[in-house]
Undergrad: 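Take a look at this one; I'll ask things after.
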Protein chains: 2
Amino acid sequence: MDRELLKGSTPLLLLSLLCEAPMYGYQIIETVRQRTGGTYTLKEGALYPALHKLEATEFIASYWETQENGRERRYYAIQPAGEAFLAAKKKEWDQFVDMVQAFVGPKA
Amino acid sequence: MDRELLKGSTPLLLLSLLCEAPMYGYQIIETVRQRTGGTYTLKEGALYPALHKLEATEFIASYWETQENGRERRYYAIQPAGEAFLAAKKKEWDQFVDMVQAFVGPKA
DNA sequence: TGACGGACCTCGCTTTGCGATGCACATTTA
DNA sequence: TAAATGTGCATCGCAAAGCGAGGTCCGTCA
């Protein structure tokens with residue numbers, strides 16, 4: 001998968017996922033990898049900065065949770081502002097797809 | 001339109017357009033602007049470098065043509081290798097759209 | 001003890017679009 | 001005739017974002 005295509009779609013993916021349930025970083029990577037059958041492996045160098053940026057703008061919030069074995073995980077949960085932003089981003093995404101498809105033709 | 005989304009889709013757009021007919025730079029910009037109803041204005045700073053790169057890899061070829069009034073235009077035409085590349089890119093694009101839609105849900 | 005995997009993160013590089021700017025010449029308008 | 005607009009090419013420095021690589025800590029299991 002051409003990485004350049006991914007640019008800009010990461011926040012959309014992240015917010016969509018977190019809209020289902022709060023998740024922690026490693027879990028997000030694994031979920032994406034599994035759901036795409038391995039075609040898309042979200043990289044840590046892309047994930048964490050994106051997550052932190054989303055948190056800085058208060059579209060998501062994070063909290064640490066301790067597991068039974070004593071280890072910690074940082075969970076991220078979507079916030080109301082994040083849901084609104086997600087809705088807007090999704091609209092933009094649909095427009096974008098329509099636009100490109102107007103040039104390359106619809107999916108074969 | 002979020003410019004980050006555009007990244008990576010420019011070669012796809014360009015090759016798709018040139019697959020219809022040879023075009024010159026300014027014409028490409030105008031065509032895109034008109035077909036999208038103004039929502040997407042391809043910028044010169046994005047267009048020319050992309051065009052030149054496509055030419056360097058021999059996916060497209062260029063030639064100068066003199067108009068009746070004496071002015072010159074640089075036309076770009078798709079090459080066989082470019083058509084093959086376009087087909088591959090389009091497949092990748094379809095996959096990409098499917099992938100994202102698997103997360104955000106289908107178009108409303 | 002040592003390897004593996006879970007889990008967090010950062011840093012420098014590259015790519016790419018954008019905004020600004022520049023140049024040259026034709027046509028239109030004041 | 002002079003100025004403004006439009007056509008047409010192009011480059012430069014900047015910002016954003018993904019990537020690869022690297023780093024740290026800790027639990028588990030052989």
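Since this is a predicted model, take the numbers as computed values, not measurements. Order of the sequence lines fixes the chain letters, A, B, ..., with proteins taken first and strands second; residue numbering starts at 1 for each chain.
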Undergrad: Can you find a donor-acceptor pair, distance only, under 3.5 Å between B:E44 side chain and D:dC9 base?
TA: yes
Undergrad: Can you tell if the side chain of A:Q27 reaches within under 4.5 Å of the side chain of A:Y75, non-hydrogen atoms only?
TA: yes
Undergrad: Could you report the tightest heavy-atom contact between A:R74 and A:Y24, atom names first, then the distance?
TA: O-CB, 3.1 Å
Undergrad: Would you mind classifying the nucleic acid contact of B:E68 as base, sugar-phosphate or nothing, using non-hydrogen atoms under 4.0 angstrom?
TA: nothing
Undergrad: To the nearest 0.5 Å, how far apart are CE in A:M23 and CD1 in A:I78?
TA: 13.0 Å
Undergrad: Please give me the minimum heavy-atom distance between B:E58 and B:A81, naming the atom from each residue.
TA: O-CB, 4.0 Å
Undergrad: Distance check needed: C:dG19 C1' versus B:I29 CD1, whole Å only.
TA: 13 Å
Undergrad: Give the rounded distance in Å between these two atoms: OH of A:Y63 and C1' of C:dC8.
TA: 17 Å
Undergrad: Contact between A:L17 and A:R35 at the side-chain level, heavy atoms closer than 4.5 Å - yes or no?
TA: yes
Undergrad: Under 4.5 Å between any side-chain heavy atoms of A:F59 and A:P11, yes or no?
TA: no
Undergrad: Taking OP1 and OP2 of C:dC8, is either one under 4.0 Å from a side-chain nitrogen or oxygen of A:Y26?
TA: no
Undergrad: In whole angstrom, give the distance that lies between atom CG of B:L54 and atom P of C:dT16.
TA: 11 Å
Undergrad: OG1/B:T57 to CZ/B:F85 distance, rounded to the nearest 0.5 angstrom?
TA: 7.0 Å
Undergrad: Write down the distance between CG (B:L51) and P (D:dC9), rounded to a whole number of angstrom.
TA: 9 Å
Undergrad: Indicate for each nucleotide in nucleotides 13-19 of chain D, in 5' to 3' sequence, whether protein heavy atoms under 4.0 Å reach the base (B), only the sugar-phosphate (S), or nothing (-).
TA: ---BBSB
Undergrad: Rounded to the nearest 0.5 Å, what's the gap from OG on A:S9 to CD on A:E92? Could you check?
TA: 12.0 Å
Undergrad: Is there a continuous path of hydrophobic side-chain contacts, each under 4.5 Å between heavy atoms, that joins B:Y26 to B:I28?
TA: no
Undergrad: To the nearest angstrom, how far is B:I28 atom CD1 from D:dT7 atom P?
TA: 16 Å
Undergrad: Is any side-chain nitrogen or oxygen of A:Q67 closer than 4.0 Å to OP1 or OP2 of C:dA7?
TA: yes
Undergrad: Using whole Å, report how far CZ of A:F96 lies from C1' of C:dG17.
TA: 12 Å
Undergrad: Check the distance between C:dG6's P and A:E65's CD and give it to me in whole angstrom.
TA: 19 Å
Undergrad: With rounding to the nearest 0.5 Å, note down the distance linking CG in B:L42 to CD in B:E30.
TA: 10.5 Å
Undergrad: Could you check whether B:E30 gets within reach of a base, just the sugar-phosphate, or nothing at all, counting any heavy atom under 4.0 Å?
TA: nothing
Undergrad: If the sugar-phosphate is the primed atoms plus P, OP1 and OP2 and the base is the rest, what is the B/S/- string for nucleotides 23-29 of chain C, using protein heavy atoms under 4.0 Å?
TA: -BBS---
Undergrad: With respect to the phosphate group of C:dG6, does any side-chain polar atom (N or O) of A:Q27 fall under 4.0 Å of OP1 or OP2?
TA: no
Undergrad: Within the structure, does a side-chain N or O atom of A:Y48 lie under 4.0 Å from either OP1 or OP2 of C:dC8?
TA: yes
Undergrad: From OH of B:Y75 over to C1' of D:dG8, roughly how many Å is that when rounded to an integer?
TA: 11 Å
Undergrad: Ignoring backbone atoms, establish whether B:H52 has a side-chain N or O less than 4.0 Å from OP1 or OP2 of D:dT11.
TA: yes
